[in-house]
Amino acid sequence: MSNTRRKRRLLAPSQKYEMWVAVLTGQSTQREAAEKYKVDRSTVTSVCHTAKAGALAALSATPGRPGQSPEQAEIAELREEVERLRATVTEQAVALHLHEGKSRWD
């Protein structure tokens with residue numbers, strides 16, 4: 001009995017991208033891609049899952065904030081909101097203090 005497992009082969013990122021595009025666009029099946037790049041079909045499946053997850057993360061990122069996950073973008077937005085509210089409360093506290101102070105001296 002011979003072992004038919006292929007030796008683990010490392011693909012360049014550009015090869016992984018080409019593989020994913022070929023499978024995504026229907027230019028080749030996962031089996032055909034595995035044969036072309038001399039890798040196991042599970043490698044093709046893994047590359048496709050990783051590419052899909054990366055594409056979804058990139059597309060869901062907030063515009064103007066490159067490299068942030070949706071959670072990081074939300075945290076940044078919430079921190080900005082906290083600062084805006086803090087400034088508003090400070091302004092209102094100063095206005096209230098001035099108003100109360102004037103009413104005592106009138």
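Just so it is clear, the structure is predicted and the values come from calculations on it, not from any experiment.
Qualifying side chain to side chain donor-acceptor pair (under 3.5 Å) partners for Glu18, counting only residues two or more places apart in sequence or in other chains: Tyr37. Partners of Arg31 by salt bridge (Lys or Arg N to Asp or Glu O under 4.0 Å), not counting sequence neighbours: none found. Residues passing the side-chain contact (heavy atoms from CB on, under 4.5 Å) test with Ala33 are Met19, Val23, Ser28, Val44, sequence neighbours excluded. With sequence neighbours left out, Ile75 forms a side-chain contact (heavy atoms from CB on, under 4.5 Å) with Arg79. For the side chain to side chain donor-acceptor pair (under 3.5 Å) test, no residue two or more places apart in sequence or in another chain qualifies with Thr29. Residues forming a side-chain contact (heavy atoms from CB on, under 4.5 Å) with Ser14 (at least two apart in sequence, or on another chain): Ala12. Residues passing the side-chain contact (heavy atoms from CB on, under 4.5 Å) test with Ser46 are Thr50, sequence neighbours excluded.
The CG atom of Leu11 sits 7.5 Å away from atom OG1 of Thr43, with the distance rounded to the nearest 0.5 Å.
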When the side chains of residues 81-95 are checked against the rest of the protein, which donor-acceptor pairs come out under 3.5 Å, sequence neighbours left out?
residue: Glu81; atom: OE1; partner: Arg84; partner atom: NE; Å: 3.3
residue: Glu81; atom: OE2; partner: Arg84; partner atom: NH2; Å: 2.8
residue: Glu83; atom: OE2; partner: Arg86; partner atom: NH1; Å: 2.7
residue: Thr88; atom: OG1; partner: Arg84; partner atom: O; Å: 3.0
residue: Thr90; atom: OG1; partner: Arg86; partner atom: O; Å: 2.9

